[in-house]
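Working notes for the structure below.
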Amino acid sequence: MERSTVSEEQVAEQSTGAAYSFAAMEAKWPAVWDELGVFAPKDDGSRERRYVLDMFPYPSGDLHMGHAEAFAMGDVVARYWRLRGFDVLHPIGWDSFGLPAENAAIKRNAHPAEWTYANIETQAASFKRYALSLDWSRRLQTSDPEYYRWTQWLFLRFYERGLAYRKNHPVNWCPKDQTVLANEQVVNGACERCGTPVTKKALNQWYFRITDYAERLLNDMTELEGHWPERVLAMQRNWIGRSEGAHVQFVVEGTDAKPQHEVTVFTTRPDTLYGATFFVVAADSDLAADLVAPEQAQALADYQDRVKALSEVERQNTDREKTGVFLGRYAVNPLSGEKLPVWAADYVLADYGTGAIMAVPAHDQRDLDFARAFGLPVRAVLDTGEDDPAVSGIATSGEGTIVNSGPLDGLSKAEGISKAIEIVEAAGTGEGTVNYRLRDWLLSRQRFWGAPIPIIHCDVDGEVPVPDDQLPVRLPDDLRGEQLAPKGTSPLAAAEHWVNVTCPRCGRPAKRDTDTMDTFVDSSWYYLRYLSPNYTEGPFDPDAAKNWMPVAQYVGGVEHAILHLLYSRFFTKVIKDMGLIEADEPFAALMNQGQVLNGGKAMSKSLGNGVDLGEQLDTFGVDAVRLTMVFASPPEDDVDWADVSPSGSAKFLARAWRVAQDVKSAPGSDPASGDRALRATTHRAIAESEELLDAHKFNVVVAKAMELVNATRKAIDSGPGGGDPAVREAAETVAIILSLFAPYTAEDMWAALGREASVANAQWPQHDPSLTVEETVTAVVQVAGKVRDRLEVTPDITEENLRELALASGNVQRILDGRGVRTVIVRTPKLVNIVPA
RNA sequence: GCCCCAGUAGCCCAAUCGGCAGAGGCAGCGGACUUAAAAUCCGUUCAGUCAGGGUUCGAGUCCCUGCUGGGGCACCA
């Protein structure tokens with residue numbers, strides 16, 4: 001350690017005369033790019049517009065490896081399209097409302113805005129260092145009053161259309177965060193954010209009527225087919241959960257109701273109506289309480305208490321024993337006239353279908369489990385050739401012939417379904433229908449740091465919308481620390497000066513709604529606000545939307561496959577129905593980047609396997625980190641940081657950069673006189689890169705760039721030398737391709753090549769097809785599928801000629817050894833397969 | 001339980017229409033340069049495509065079955 005050390009850069013300087021220094025480049029170029037204003041769209045209609053969008057970040061601390069990957073991918077698309085001559089919009093902003101800011105504020109006795117905006121500044125600085133080709137002039141934050149004013153404005157338009165409403169309903173409640181959660185935010189019975197088991201609580205809450213749009217959300221996915229990852233579409237389809245079936249009305253006897261109490265069930269299998277042997281309503285539904293006979297009321301109440309005591313995790317366990325209670329009533333099967341005992345059970349869900357089912361134990365496993373638990377009859381009405389469910393304990397539900405079913409006897413499953421629907425429709429006791437798994441979107445939150453719901457509650461006028469000219473309803477800025485702590489009601493309720501207002505309609509004292517909106521509301525329309533971030537006449541300028549929508553390429557993580565993407569699709573459709581935009585879908589194409597792992601696992605504090613982005617950037621430079629992200633695998637695959645080599649990327653970048661230093665010809669020299677072989681490599685790289693970029697195979701594009709750098713190096717060292725114009729052409733091509741992944745190195749190369757900044761403004765080179773055709777091609781000659789000879793032929797050889805050449809081959813003749821030839825398959829110019837007799 | 005996706009070299013990954021399994025990188029090995037090392041440059045080893053069946057003149061690619069891994073949904077009638 002006594003020896004004096006020499007820095008890598010000094011050594012490089014000694015050996016090559018110049019040094020590749022990422023630090024110098026990172027210090028030099030950002031100012032130049034700013035000055036040139038390269039990344040703002042012209043927006044004048046002179047070029048075709050393309051909107052590239054990355055999912056905007058939540059400002060929790062600084063950027064991490066995941067951001068680095070996602071934004072590297074989006075930037076490749078934006079930069080490529082810019083080089084191809086499109087007018088590219090590539091904006092950035094922050095999804096800046098949300099719980100972590102509030103929790104931080106409580107801990108530090110501060111206002112959430114302080115933490116939020118400090119983090120945003122940190123992230124903004126990191127984004128700039130990361131050299132993303134963003135238009136900073138459109139930056140927005142969803143927690144800015146000028147943004148959430150329009151979130152509130154949109155809420156009111158939804159309200160006017162009947163798409164925002166309040167109902168009293170059991171909701172998912174997170175006891176830790178002290179707030180309600182949407183269905184989409186409950187994962188395996190636990191809070192998506194903090195993992196606390198979710199409980200149910202009956203509360204009066206705000207909902208968006210997304211179920212009205214279920215059919216359109218489902219059908220319009222055909223437009224996205226091929227442009228969105230198949231698994232995301234599958235997840236959305238799954239989530240929407242369309243199922244066809246029938247509503248069938250059962251009269252429940254013995255209640256005091258007049259006319260008699262009718263209960264509708266939803267079933268996907270009306271063909272099995274004759275197999276119904278009992279009837280079940282959801283234990284926690286109003287229906288159970290309405291129907292119960294007086295002598296069973298106490299039993300029901302006891303059962304309901306037992307159900308309530310279960311956590312959601314326990315309740316959702318499908319292995320659980322079936323439980324339930326008889327309600328002392330009978331429901332009449334409208335087809336058979338049979339009287340079925342009515343039970344309440346927790347395996348029937350209150351908020352799916354109608355909250356009541358006809359139980360067909362022979363052909364539904366859950367019903368069968370219940371029947372066996374309580375000794376209820378099992379009657380098969382579908383002969384599938386399998387064992388009798390009453391004996392086997394296994395319900396049968398496949399194709400079969402209907403039996404024991406009066407008018408349905410002898411029909412197939414499908415025929416039985418249509419016939420049964422026909423019969424109940426004719427009798428007025430039911431109808432064919434479509435049911436969805438999707439529930440309405442619960443949007444109110446009992447927390448502070450979100451957009452206040454712009455409604456005033458008046459004793460006389462009820463719910464009164466805040467008039468548009470009084471928007472935004474600003475959050476009070478004088479609450480601090482403990483005043484923001486969750487108490488089960490919104491902290492806003494305690495801010496009396498804020499809550500107490502006069503009714504806009506009658507002028508009497510009234511109170512503001514104290515809930516705030518789910519932050520997914522904020523992010524459901526931000527892509528529209530970017531189009532005209534300073535527009536004051538509405539949430540966005542409709543003309544701008546006409547010009548830019550839909551987003552041509554959206555980039556983000558698959559964790560938003562349902563939540564954000566479904567909500568945004570819903571918002572777009574409603575906004576279209578309001579006449580403000582023409583697009584049906586917000587995001588024409590979607591790319592999901594994979595995760596960044598370390599050692600096969602997601603990075604996490606508890607595992608201690610986190611990799612700090614800042615340290616990586618300091619060690620290897622921005623370009624090497626970006627290149628590593630892109631080169632590691634196709635964009636949608638995970639990158640395991642333990643498997644990749646940022647130092648290898650840095651080495652390659654230095655190698656590419658040195659190639660530019662070794663170019664000796666003048667800028668603008670005509671490549672036509674240059675080395676033909678190198679030119680062929682260059683033009684092939686251009687042509688292949690285009691296809692690969694269109695197919696999002698960015699990792700392969702990097703490989704092509706490496707190949708081209710290797711060929712150029714060889715041409716300089718042991719070929720025509722650095723003065724050959726083909727070497728310049730190759731080096732310039734490398735710089736342009738690299739500008740997609742490694743903007744600093746590319747810009748520095750461009751400058752070394754004597755070209756004017758910025759390489760981001762360069763044109764994508766046109767490849768010359770005459771250079772990419774091979775002069776000769778190797779044709780493979782197979783006998784019975786095995787390679788037996790190779791022939792050098794011209795690419796345009798005729799089938800006839802190639803066949804003759806192949807058959808004449810000495811090797812072929814020897815292998816054939818006198819055997820005749822059955823067939824000869826010729827695929828000019830690359831292959832001949834001779835099939836012996 | 002149901003639904004998606006993926007298995008190619010020690011590792012990360014390529015392979016238009018079904019047509020010679022290999023473009024690129026990491027790691028390894030050898031060499032040049034050096035007193036030595038680093039850096040740089042040059043060269044090079046390594047798999048028959050998870051398994052089994054099928055279609056085909058020909059299968060990594062298409063079909064079926066299974067295995068492994070990953071993901072989503074899950075008492076949704």
Side-chain angles (χ1 to χ4, degrees), chain A residues 3 5-6 8-12 14-16 187-188 229-239 241 243 245 265-269 272 280 315-320 322 345-349 351-360 363-367 369-370 435-439 558-559 561-562 594 627-628 631-634 636-640 642-645 647-649 651-652 654-655 658 688 691-692 695 697 699-710 713-714 717-718 778-787 790 822-825 827 830-836:
Chain A
R3 282 194 313 174
T5 54
V6 186
E8 286 179 14
E9 283 183 18
Q10 283 170 310
V11 172
Q14 284 161 12
S15 57
T16 65
V187 180
N188 293 327
E230 190 47 52
R231 62 170 172 163
V232 174
L233 295 176
M235 280 189 247
Q236 293 215 354
R237 272 191 208 101
N238 206 329
W239 191 262
S243 56
V265 302
F266 173 72
T267 176
T268 56
R269 296 298 303 273
T272 62
V280 191
R315 216 191 65 76
Q316 287 180 11
N317 177 9
T318 49
D319 302 334
R320 227 173 91 235
K322 290 282 180 288
D346 66 354
Y347 83 93
V348 172
L349 307 175
D351 55 0
Y352 179 77
T354 61
I357 62 157
M358 62 172 201
V360 184
H363 308 301
D364 183 294
Q365 192 60 48
R366 296 154 301 178
D367 295 344
D369 293 343
F370 192 84
N435 196 55
Y436 296 93
R437 212 193 71 115
L438 183 69
R439 314 289 155 88
V558 72
E559 65 273 17
I562 299 170
L627 190 80
T628 303
F631 181 51
S633 62
E636 63 277 10
D637 286 9
D638 290 345
V639 177
D640 192 329
D643 290 337
V644 297
S645 171
S647 66
S649 298
K651 216 153 80 178
F652 163 68
R655 192 171 148 82
R658 280 193 307 271
E688 288 171 0
E691 284 176 23
L692 292 164
K697 295 179 180 179
N699 54 325
V700 190
V701 178
V702 176
K704 295 296 166 199
M706 289 172 168
E707 211 178 335
L708 183 53
V709 167
N710 289 344
R713 179 83 259 157
K714 197 169 272 180
D717 289 350
S718 54
T778 307
V780 173
V781 183
Q782 300 177 333
V783 178
K786 287 198 172 111
V787 180
R790 287 158 211 275
R822 186 144 61 100
T823 346
V824 181
I825 287 109
R827 292 282 177 272
K830 290 170 77 176
L831 181 128
V832 180
N833 189 13
I834 297 162
V835 187

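Quick caveat, the model's predicted, so the values are computed rather than measured. Residue numbering restarts at 1 for every chain, and letters A, B, ... go by the order of the sequence lines.
- Nearest nucleotide to the side chain of Leu831(A), out of A77(B), G19(B), C26(B): G19(B).
- Checking A23(B), A77(B), C42(B) against every side-chain atom of Phe266(A), the shortest atom distance belongs to A77(B).
- Interface remark: the Lys830(A) side chain does not form any donor-acceptor pair with the C20(B) base, using a distance-only criterion of under 3.5 Å.
- Within the nucleic acid shown, Thr823(A) has no heavy atom closer than 4.0 Å to any nucleic acid atom.
- Here the separation of G48(B) from U65(B), taken at their C1' atoms, is 23 Å to the nearest Å.
- Base pairing analysis places C73(B) opposite G1(B); the two distances defining the Watson-Crick or G-U wobble pair are each below 3.5 Å.
- The side chain of Ile357(A) sits closest to A77(B) out of C12(B), A77(B), C13(B).
- A77(B) sits 46 Å from G58(B) when the P atoms are compared, rounded to a whole Å.
- In this structure, CG of Leu692(A) is placed 8 Å from P of A15(B), rounded to the nearest angstrom.
- Which of C41(B), A77(B), A14(B) sits closest to the side chain of Arg658(A) comes down to C41(B).
- When the P atom is compared between G66(B) and C4(B), the two are found 14 Å apart, to the nearest whole Å.
- For the P atoms, the distance from G60(B) to U8(B) is 14 Å, rounded to whole Å.
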Should Met358(A) and Thr272(A) be marked as a side-chain contact (heavy atoms from CB on, under 4.5 Å) after you check the CA-CA gap, both sets of side-chain angles, and the distance that decides it?
CA-CA 10 Å; Met358(A) 62 172 201; Thr272(A) 62; 4.0 Å; yes
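- Distance noted for atom P between C20(B) and C5(B): 26 Å (whole Å).
- As judged by a 4.0 angstrom heavy-atom cut-off over every strand, Ala632(A) is placed among residues touching the sugar-phosphate backbone only.
- For Arg231(A), whose side chain is taken as the heavy atoms from C-beta onward, the closest listed nucleotide among G19(B), G71(B), C42(B) is G71(B).
- For Asn238(A), counting side-chain heavy atoms from C-beta on, the closest listed nucleotide (G25(B), C41(B), C73(B)) is C73(B).
- Comparing the C1' positions of A39(B) and A51(B) gives an interatomic distance of 47 Å, to the nearest angstrom.
- For Phe631(A), whose side chain is taken as the heavy atoms from C-beta onward, the closest listed nucleotide among G25(B), C75(B), C41(B) is G25(B).
- In this structure, of G24(B), A77(B), A23(B), it is A77(B) that holds the atom nearest to the side chain of Leu349(A).
- At least one cation-pi condition fails for Lys322(A) and Phe370(A): the charged atom is not both under 6.0 angstrom from the six-membered ring centre and inside a 45 degree cone around its axis.
- Looking at Arg827(A), its side chain comes within 3.5 Å of the base of G19(B) through a donor and an acceptor atom.
- If you check C26(B) for Watson-Crick or wobble pairing at under 3.5 angstrom, you find it paired to G10(B).
- Nucleotide U40(B) is matched to A32(B) when pairs are restricted to Watson-Crick or G-U wobble geometry with both distances under 3.5 angstrom.
- Using the Watson-Crick or G-U wobble rule with both distances under 3.5 Å, U56(B) pairs with nothing in any strand shown.
- Nearest nucleotide to the side chain of Thr268(A), out of A77(B), G72(B), C57(B): A77(B).
- Among the nucleotides C41(B), C11(B), U16(B), the one closest to any side-chain atom of Glu691(A) is U16(B).
- Between the side chains of Asn833(A) and Arg827(A), no donor-acceptor pair is found at a separation under 3.5 Å.
- Atom P of G43(B) sits at a distance of 30 Å from the matching atom of U49(B), rounded to the whole Å.
- Rounded to whole Å, the separation between the P atoms of A21(B) and C50(B) comes to 16 Å.
- Pro229(A) comes within contact range of no nucleotide atom at all, as no heavy-atom separation falls under 4.0 Å.
- Contact annotation for Asn833(A): base contact, defined as any heavy-atom pair under 4.0 Å involving a base atom.
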